[in-house]
Amino acid sequence: MFKTILYKISIKFYPFTKYIIAISSSLLVISFVKIFSNNNHYSNNCINDILSIQIPKNINFADEKVPIPNQVVKESIKKELHLITFCQSQALLLQKRARRWFPIIEPILKRNNVPEDFKYIAIVESQLTNAVSRQGASGFWQLTITTAKNYGLLINNEVDERYNISKSTETACKYFNDAYKKFNNWTLVAASYNIGIAGLQAQMEKQKVNKYYDLVLTDEAARYIFRLLSIKEIISRPKVYGLLLNKSVRYPEITIKKITVDTTIQSIKDFAANQGVDYNTLKLFNPWLILNSLTNIEKKRYIISIPKGKVNCTDWDEMYIDGNKFSATDSLNLFNK
């Protein structure tokens, strides 16, 4: 019965089949066009938002004015800002790390008479992780073994003080002050951290210029200060760039107690247990301790940091935990576009 009815309907509308198909096809095409147009509209809005970044008229590094009227300088800063703001999740993560580590770095810089803006170098170098470069430079400040030892850091099979945030920052400050004696300009000091004091001096003499912004350098060295300035902009004025970090997702403050040790520790695991923390937690806060022992025949004084209260893994930066396995080259992919 039902099949008979369908057959009669199909016979009745058969002459109009081609019109029905044509109308249906047209409606389908219109729908696709509308969807595409809407998506394109949203894409254009996103692109316009990214491209609408306005460079501040006045930018400085360590109270040294950046020549923004110079078109090359302006475009270079804008390029780095585009790269960072486009990777919003990464920019927000850097803010979270900065809120945790800058309170440790800032007073050390101040104590050594180094401008506070130098704290942003630690972000450019390692994104505030204990990264390891292909050349073997390690820690927040990407110190090589030679440089670290020359400035007094201890590195052996049990200890690597490049992973000690306080001591490595002190070492970086010594470098900055030595470089300032040479260049008498903080921007050049910052640039030399990438290219080296001798390398920068050689380029200045070869090109007969005495300002960073007048130098012609390799791509990485040429972009170094502009990366630094862009990071400073994002971290210090996140609201301007639509990257304001919600308080609820900021890394919580962790209170630390410091224990002075001047004897040999046969077992770091046992030491941790005696302090009321597990071995993993102690290692998180003291990544400079490489092995499960600390031989100290010379009775050298070590400061071991222990958190007060319970620390949840979710409160800690996962990239800092696995810092020794993390590649500095990988960590800087954000900037190497």
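Because the structure is a prediction, the values reported are computed rather than measured. When reading the values below, keep in mind they use all heavy atoms of this one structure, side chains included, and skip hydrogens, waters and symmetry mates.
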Q | Member of I265, D160, L282 meeting the side-chain contact (heavy atoms from CB on, under 4.5 Å) criterion with L289 | A | L282
Q: Let me know which of I234, V240, I235 forms a side-chain contact (heavy atoms from CB on, under 4.5 Å) with R237.
A: V240
Pairwise distance [atom1]([X]) to [atom2]([Y]) - rounded to 0.5 angstrom:
X    : Y    : atom1 : atom2 : answer
K257 : K308 : NZ    : NZ    : 7.5 Å
K74  : I59  : NZ    : CD1   : 10.0 Å
I290 : Y163 : CD1   : OH    : 6.5 Å
F140 : I165 : CZ    : CD1   : 4.5 Å
I195 : Q201 : CD1   : CD    : 11.0 Å
K182 : N177 : NZ    : CG    : 16.0 Å

Is the backbone of [Y] close enough, under 3.5 Å, to the side chain of [X] for a donor and an acceptor to pair up by distance?
X    : Y    : result
E80  : R223 : no
T147 : L143 : no
E125 : W141 : no
Q95  : L243 : yes
R162 : G139 : no
D262 : R301 : no
N156 : E158 : yes
S138 : G136 : yes

Same cluster or not: [X] versus [Y], using hydrophobic residues (I, L, V, M, F, W, Y) connected whenever any side-chain heavy atoms lie under 4.5 Å apart?
X    : Y    : result
I306 : I303 : no
V159 : I145 : no
I104 : L128 : yes
I259 : L154 : yes
I155 : I268 : no

Q) Going by the angle between their ring planes, with limits at 30° and 60°, are Y175 and Y193 parallel, tilted or perpendicular? A) perpendicular
Q. Using 30° and 60° as the class limits, which term best fits the ring planes of W288 and Y302: parallel, tilted or perpendicular?
A. parallel
Would you say [X] and [Y] make side-chain contact, with heavy atoms under 4.5 Å?
X    : Y    : result
V124 : Y224 : yes
M204 : L215 : yes
T263 : N296 : no
F176 : P115 : no
D117 : N60  : yes
I105 : F118 : no
N210 : F183 : no

Q | Flag if over 12 foreign heavy atoms under 6.0 Å of NZ, K110 | A | no
Considering non-hydrogen atoms only, spot the tightest contact between [X] and [Y] and give its length.
X    : Y    : result
E233 : L81  : CB-CD2, 4.1 Å
Y212 : A222 : OH-O, 2.9 Å
D214 : Q207 : O-OE1, 4.2 Å
F102 : P107 : O-CD, 4.2 Å
N58  : K65  : OD1-CE, 4.1 Å
Q203 : V216 : OE1-O, 4.0 Å

Q) Going through the distances and angles, do V73 and F226 end up as a side-chain contact (heavy atoms from CB on, under 4.5 Å)? A) CA-CA 8 Å; V73 171; F226 300 121; 3.8 Å; yes
Q. Can you list the steps and then say if L229 with Y120 is a side-chain contact (heavy atoms from CB on, under 4.5 Å)?
A. CA-CA 8 Å; L229 293 169; Y120 299 110; over 6 Å; no
Q: Test side-chain contact (heavy atoms from CB on, under 4.5 Å) on F61 and L228 and set out the steps.
A: CA-CA 9 Å; F61 177 76; L228 193 56; 3.4 Å; yes
Q | With E64 via side chain to side chain contact (heavy atoms under 4.5 Å, CB included) - residues at least two apart | A | N185, W186, T187
Q) Between the side chains of Y151 and D178, is a donor N or O closer than 3.5 angstrom to an acceptor N or O? A) yes
Q: Assess the side chains of Q135 and T144: does a donor N or O sit below 3.5 Å from an acceptor N or O?
A: no
Q: Under the side-chain contact (heavy atoms from CB on, under 4.5 Å) rule, what do R97 and T129 come out as? Steps first, then yes or no, please.
A: CA-CA 9 Å; R97 291 179 186 161; T129 68; 3.4 Å; yes
